[in-house]
Novice: 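Pasting in a structure now, in structure tokens, and then I'll have a few things to ask.
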Amino acid sequence: MSRIALVDVNNCYVSCERLFRPDLLNKPVVVLSNNDGCVVARSAEARALGVVMGMPWFKLKGFARQHSIVALSSNYPLYADMSNRIMSLLSTYSARQEVYSIDECFLDLTEHGHAHLTEYAQTMRSQIAKWLGLPVCVGIASTKTLAKLANHVAKKQPLWRGVCDLTTLDKSALDALLAEIPVSAVWGVGQQHTQALIKLGIVTVRDLRDADGPFIRKRFSVVLERTVQELRGVICLSLGWDSCAKQQIMSSRSFGRSVYTFADLAEAVTVYVTRAALKLRQQNSLAGAIQVQIKTNPHQLKAPQYNPSIIVPLSRPSADTLMLNAVAVHGLGQIFQPGYAYVKAGVMLLELLPETRAPIDLLADIEHATRRTTLMHTMDRINGKYGPNAIGAGVAGMSERRDWMMKQGQKTPNYTTRWSELAVVHAA
DNA sequence: TCTGGGGTCCTAGGACCC
DNA sequence: TCTGGGGTCCTAGGACCC
């Protein structure tokens, strides 16, 4: 039988912030989404006060002041850097690792032998705590879905001391445990499914595990039927341990204020294309098409709404920022209408293919293409060294003009990724 | 004049995840 | 006044072909 572990950082963003702000330990802390929009992470203390994930910050503000909740803007460079460190440390614990998100990964421990997995996982926890100062929980089981569930149990039930290995339970103990957990805790069961399942009398994880597979498939989908199988210990989701290339790359942001003009939107689109194209080159891919979208504020019910998008194919696949940008801005021109208050724009790179599989264009000017590729690499190197906006496409504008950029009122410094913002130790 | 069915490809949209 | 940003996979339905 296989053994899969799911390792997950507790309250990841809050824990990262606390590393450099030990004064925040034991205090209610929340981290806000881009634009300081809503809550995306909360400490145990904030959760205990009733702060819900996704709560808009403007609604929470008064309550937060009353209860001395500390709110921070999200600091993704810091979280990404800590994530890289933790993932590389965890990779030493298994030959097979699937990095599933910024704060969690699966490890295949099948080859490790079954006897001492709990101790092995405890070793991981203490090494991560000691080297990086971050708290993690570990769930172990025979499938990914069960490992996610085990992780949930490890977090919720203190008696497991941060590591829950479901394979150590006998059948009746496992049945009893699964009968305590609401079906909504299962990976792949969201709000819609939860409500529909409850109506059918499927309320606990145990109910779902024991539900009729073909019925679930018919009433819901093959996806949920796979989940049922996985809960029974049948592997349907295999471990993807190669960091495979993304199939689409997106870059979008809400603005700090409403935007009305084509010029401002074009400037934003150029910034997003620049960011997306960099990611594209980093995974050595080319894009065959680019989608541009702009949006008005959906929460502003009385204001006129306009949320167009357009997909523009490229004449030939490319990773050239300037080329992609020209196409994107042209696409923007097709959908832009004056007279609306736009609050968000985004671009998506589509039809990605590996650089190596680029079609050969007999009519292309090889010398020109090579120069452009060199230009892109040079640009990436300069931006890598001097900051992401050191040089870019012409329309991107200078930062002082970009007053539409997102609001980040409470951002902590880039403690680990910028020399100028390193934490400083003061001698007593 | 009458008339069919199977297959593929693409797209939009929905559900889910963190 | 102020409500995130990335992703994945699947399905249904239409267009088109033979």
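Computation of the quantities below employed the complete heavy-atom set of this structure, encompassing side-chain atoms and omitting hydrogens, waters and symmetry-equivalent molecules.
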Novice: Just N and O in the side chain of Lys295(A): are any of them under 4.0 Å from OP1 or OP2 of dT3(C)?
Specialist: no

Novice: Return the orientation label for the Phe106(A) and Tyr100(A) ring planes: parallel under 30°, perpendicular over 60°, tilted otherwise.
Specialist: perpendicular

Novice: Any side-chain N or O of Lys344(A) under 4.0 Å from OP1/OP2 of dT3(C)?
Specialist: no

Novice: Distance check needed: dT3(C) P versus Lys61(A) NZ, whole Å only.
Specialist: 11 Å

Novice: Scan side-chain atoms only and decide if Arg281(A) and Thr321(A) contain a donor-acceptor pair under the 3.5 Å cut-off.
Specialist: yes

Novice: Of the listed nucleotides (dG5(C), dT8(C), dG7(C)), which one gets closest to any side-chain atom of Ile249(A)?
Specialist: dG7(C)

Novice: Among Thr167(A), Asp108(A), Asp165(A), Thr110(A), which one satisfies side chain to side chain donor-acceptor pair (under 3.5 Å) with Arg3(A)?
Specialist: Thr167(A)

Novice: Closer than 4.0 angstrom, basic N to acidic O: yes or no for Glu104(A) and Lys148(A)?
Specialist: yes

Novice: So, OP1 or OP2 of dG6(C): does either fall under 4.0 Å of a side-chain N or O from Ser252(A)?
Specialist: yes

Novice: Does the side chain of Asn35(A) get closer than 4.0 angstrom to OP1 or OP2 of dT3(C) through an N or O atom?
Specialist: no

Novice: For dC10(C), what is the paired nucleotide under Watson-Crick or G-U wobble rules, both distances under 3.5 Å?
Specialist: dG13(B)

Novice: What's the closest nucleotide to the side chain of Phe58(A) if the choices are dG6(C), dT3(C), dG4(C)?
Specialist: dT3(C)

Novice: Ignoring backbone atoms, establish whether Arg257(A) has a side-chain N or O less than 4.0 Å from OP1 or OP2 of dT1(C).
Specialist: no

Novice: Rounded to the nearest Å, what distance is computed from the CD atom of residue Gln247(A) to the C1' atom of nucleotide dG6(C)?
Specialist: 14 Å

Novice: For a quick test of your reading: what N or O donor-acceptor pairs under 3.5 Å do the side chains of residues 55-62 of chain A make, sequence neighbours left out?
Specialist:
none

Novice: Could you work out the separation of dC2(B) and dC18(C) based on their P atoms and round it to a whole Å?
Specialist: 24 Å

Novice: Check this for me, if you would: do Lys144(A) and Glu98(A) make a salt bridge, where the nitrogen-to-carboxylate-oxygen distance has to be below 4.0 angstrom?
Specialist: yes

Novice: Please determine if a side-chain N or O atom of Gln300(A) lies less than 4.0 Å away from the OP1 or OP2 oxygen of dT3(C).
Specialist: no

Novice: When you compare dC17(C) with dT3(B), how far apart are their P atoms, in angstrom units rounded to a whole number?
Specialist: 22 Å

Novice: Parallel, tilted or perpendicular, judged at 30° and 60°: which one describes the rings of Phe336(A) and Phe262(A)?
Specialist: perpendicular

Novice: Would you give a per-nucleotide map of nucleotides 12-18 of chain B, 5' to 3', where B means the base has a protein non-hydrogen atom under 4.0 Å away, S means only the sugar-phosphate does, and - means neither?
Specialist: ---SSSS

Novice: Between dC9(C), dG4(C), dG6(C), which nucleotide gets closest to the side-chain atoms of Arg226(A)?
Specialist: dC9(C)

Novice: Grab the NE2-C1' distance between His299(A) and dT1(C) for me, whole Å please.
Specialist: 14 Å

Novice: Between Ser33(A) and dT3(C), is there a side-chain N or O to OP1/OP2 distance below 4.0 Å?
Specialist: no

